[in-house]
Asker: 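Below: one structure in structure tokens.
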Amino acid sequence: MGTIHGANGIYLLAPRVENSGVITSPGGNIVLAAGSTAYLSTRPDGNGLLAELRAPAGEALNVGQLTADGGNVTMAGRVVNQQGLIQANSVREKSGKIELYATDSLTLKAGSQTLAKGGGEGASD
């Protein structure tokens with residue numbers, strides 16, 4: 001329900017993950033993963049993360065804002081509900097990417113925004 005800002009990446013992992021605040025990671029990674037097991041590595045690029053999606057609840061919910069211009073936003077779980085803003089615009093020739101993975105149900109609520117536009121001038125604040 002607050003504000004989280006991380007330069008290299010932000011990872012929220014639990015059997016049920018919900019964001020109702022503002023999360024930003026310009027050029028980094030934002031991951032909301034609903035699972036029962038997570039493996040972390042010591043890779044400096046932050047790409048050493050694997051979440052097994054086994055939890056019975058397994059819901060990843062965004063009703064707030066996830067912004068990683070020039071980076072990546074991933075939501076994963078048995079159930080994924082996108083009801084807010086997800087933004088990963090391209091910045092200075094670095095593409096942004098949004099990935100939504102659901103094994104049972106994926107919902108994009110009317111009025112939600114999932115944006116990955118090209119040609120951005122600068123990174124998100």
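Scope of the values below: all heavy atoms of this structure, side chains included, with no hydrogens, waters or symmetry mates.
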Asker: Do the side chain of Asn89 and the main chain of Asp69 share a donor and acceptor less than 3.5 angstrom apart?
Answerer: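 Checked: no pair found.
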Asker: What distance do Ile86 atom CD1 and Glu99 atom CD have between them, rounded to the nearest 0.5 Å?
Answerer: 11.0 Å
Asker: What heavy-atom pair brings Gln87 and Val73 nearest, and what distance separates the two atoms?
Answerer: O-CG2, 4.0 Å
Asker: For residues Val80 and Met75, report the shortest heavy-atom separation together with the two atoms involved.
Answerer: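 Closest approach of Val80 to Met75, heavy atoms only: CG1-CE, 3.8 Å.
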Asker: Return the minimal non-hydrogen interatomic distance between Ala33 and Val17, and the atom names on each side.
Answerer: O-CG2, 3.3 Å
Asker: Pair up each side-chain donor or acceptor in residues 105-115 with any protein partner under 3.5 Å, not counting sequence neighbours, and list the distances.
Answerer:
unit_1: Thr107; atom_1: OG1; unit_2: Asn81; atom_2: OD1; d: 3.2
unit_1: Ser112; atom_1: OG; unit_2: Lys109; atom_2: O; d: 2.7
unit_1: Thr114; atom_1: OG1; unit_2: Gln82; atom_2: NE2; d: 3.4

Asker: Quick check against the 3.5 Å criterion: does Ser25 have a side-chain atom that pairs as donor or acceptor with the backbone of Gly6?
Answerer: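 Yes.
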Asker: Check Ala76 against Ala60 and note the closest heavy-atom contact, atom names and distance.
Answerer: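 That closest heavy-atom pairing would be O-CB, 3.6 Å.
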Asker: Considering only heavy atoms from C-beta outward, does the side chain of Ile4 approach that of Asn19 to under 4.5 Å?
Answerer: no
Asker: Looking only at heavy atoms, which two atoms of Ala34 and Pro15 are closest? And how far apart?
Answerer: CB-O, 3.5 Å
Asker: Please list, chain by chain and in numerical order, all residues satisfying side-chain hydrogen bond (donor to acceptor under 3.5 Å, both in side chains) with Glu18, sequence neighbours excluded.
Answerer: Arg16
Asker: For residues 5-15, pull every pair meeting salt bridge (Lys or Arg N to Asp or Glu O under 4.0 Å), keeping only residues two or more places apart or in separate chains.
Answerer: none
Asker: CG/Leu32 to OH/Tyr11 distance, rounded to the nearest 0.5 angstrom?
Answerer: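 Here the interatomic distance stands at 12.0 Å.
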Asker: When you group the ILVMFWY residues by side-chain heavy-atom contacts below 4.5 Å and let the links chain together, are Ile98 and Leu66 in the same group?
Answerer: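 Yes; Ile98 is reachable from Leu66 via cluster members.
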Asker: How far does CD1 of Ile10 sit from OG1 of Thr24, to the nearest 0.5 angstrom?
Answerer: 6.0 Å
